[in-house]
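All residue numbers refer to positions in the sequence shown, counting from 1. We count ligands from 1, going down the list as the structure has it; atoms in each ligand are counted the same way. Note that the coordinates shown come from a computational prediction; the quantities given were computed from them, not determined experimentally.
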Amino acid sequence: MKRLEQMTLSERLYLPEILKGMLVTNYHFMRNLTLHVAHLMGFAKNRRAATTVQYPEQRKNYSDGYRGSHRLTLKPDGSVRCTSCFLCATACPAQCIYIEAGESPDPHVEKFPLRYEIDTLRCIYCGFCVEACPCDAIRMDTYVHPRIWGFDRKDFIEPKEVLMHRSQVLEQNGRDGNMREMQDWYAEQARQVYNPLRAELKTYSERDEPQPWDKRPEPHAIAAIDRHHLRNGGK
Ligand code: SF4
Ligand code: SF4
């Protein structure tokens with residue numbers, strides 16, 4: 001980025017630069033519009049026009065290295081692999097992982113997480129937690145992006161059950177399983193939340209029974225919110 005003293009007069013005036021930007025935008029808009037109309041009429045088929053992915057009906061597949069939503073990996077017996085060592089929470093720059101450790105029922109393991117919550121509104125998806133974990137207990141290879149639809153903060157806190165469920169879905173339904181599930185969730189929420197007869201939004205508590213992938217603790221039981229609430233002096 002240029003410093004102010006390095007800018008030319010036209011750059012300092014801003015307006016010429018804004019006009020230049022609008023010229024570029026309008027050029028691409030008119031070019032695409034013309035080409036799409038020409039394609040409809042059977043002309044210029046060899047010239048490609050830009051298209052937009054109509055999400056969520058259409059979507060592009062994420063690449064193999066995509067860093068998506070978290071999951072807690074499972075042992076062969078289906079229990080959580082995490083040993084509550086707190087390394088991920090310590091490495092997390094956003095401080096959005098909350099863990100409560102308990103004594104593990106497995107005599108060969110000292111601890112396991114009674115609670116493990118990620119506040120996805122604070123998470124910056126840097127992957128430090130994955131790198132810090134010494135036992136491959138947390139991964140971000142779910143090939144699904146973070147959920148962007150919720151009604152209040154608690155809808156964006158992902159507890160242990162949700163994080164473990166993603167591992168089960170990945171194992172049972174393959175790479176696209178979690179994304180399919182999230183799109184089903186979006187469709188289900190749209191059906192429940194928007195009542196065309198009343199034309200109004202339902203509140204979270206008025207919605208139907210949660211689906212398996214929607215399992216969330218009661219608001220008072222979400223420690224991640226409480227913790228940040230306390231840190232901020234209860235504001
Ligand atoms: S991805 Fe980064 S910000 Fe998010 S929980 Fe992991 S370490 Fe924290
Ligand atoms: S996910 Fe890994 S790093 Fe985090 S507490 Fe569990 S075992 Fe430790």
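- Residue E17 qualifies as enclosed at atom CD: its count of foreign heavy atoms under 6.0 Å is above 12.
- With a heavy-atom cut-off of 4.0 Å, H70 touches ligand 1 through its side chain alone.
- Close approach of ligand 1 to F128 (heavy-atom distance below 4.0 Å) involves ligand atoms 7 (S).
- Nearest non-hydrogen protein atom to atom 6 (Fe) of ligand 2 is C82 SG, 2.3 Å.
- Residues T73 and S167 share a closest heavy-atom pair of CA-OG, 3.6 Å.
- Each of the atoms 7 (S) of ligand 2 lies under 4.0 Å from some heavy atom of C135.
- Of all protein heavy atoms, the one closest to atom 3 (S) of ligand 1 is I124 N, 3.4 Å.
- For atom 7 (S) of ligand 1, the closest non-hydrogen atom of the protein is C129 N, 3.3 Å.
- Between H70 and Y125, the ring planes lie tilted relative to each other; the angle falls in the 30° to 60° range.
- Heavy-atom distances between Q95 and ligand 1 stay at or above 4.0 Å for every pair.
- Between E100 and P113 there is no side-chain heavy-atom pair separated by less than 4.5 Å.
- Closest to atom 4 (Fe) of ligand 2 among all protein heavy atoms lies C88 SG, 2.2 Å.
- The Y125 neighbourhood of ligand 1 comprises atoms 1 (S), 4 (Fe), with distances under 4.0 Å to a heavy atom of that residue.
- With a 4.0 Å heavy-atom cut-off, ligand 1 is reached by the side chain of I97 but not by its N, CA, C or O.
- Interatomic distance, F112 CZ to T83 OG1, rounded to the nearest 0.5 Å: 12.0 Å.
- In this structure, the separation between CG on L163 and NE2 on H165 is 11.0 Å, given to the nearest 0.5 Å.
- Of all atoms in ligand 2, numbered sequentially from 1 with element shown, those under 4.0 Å from a heavy atom of I99 are 5 (S).
- Across all their heavy atoms, G177 and V169 have their closest contact at C-CG1, 3.5 Å.
- Put simply, the side chain of I97 reaches to within 4.5 Å of the side chain of Y116, judged on heavy atoms.
- Every atom of ligand 1 is numbered from 1 in the order shown, and the set under 4.0 Å from a heavy atom of C92 is 3 (S), 5 (S), 7 (S), 8 (Fe).
- Atom 4 (Fe) of ligand 1 has an N, O or S atom of C123 inside 2.8 Å of it.
- Among C126, C133, C96, G127, the residue whose heavy atom lies closest to atom 5 (S) of ligand 1 is C96.
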*asked:* Let's go through Y66 and M140 carefully: what are the C-alpha distance in whole Å and the side-chain angles of both, what is the deciding distance for side-chain contact (heavy atoms from CB on, under 4.5 Å) to 0.1 Å, and is it a yes or a no?
replied: CA-CA 8 Å; Y66 180 70; M140 297 171 82; over 6 Å; no
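- In this structure, the protein non-hydrogen atom closest to atom 8 (Fe) of ligand 2 is C85 SG, 2.2 Å.
- At a threshold of 4.5 Å between non-hydrogen side-chain atoms, the residues P159 and Y98 do not count as touching.
- When each atom of ligand 2 is checked for a heavy atom of T83 under 4.0 Å away, the hits are 6 (Fe), 7 (S).
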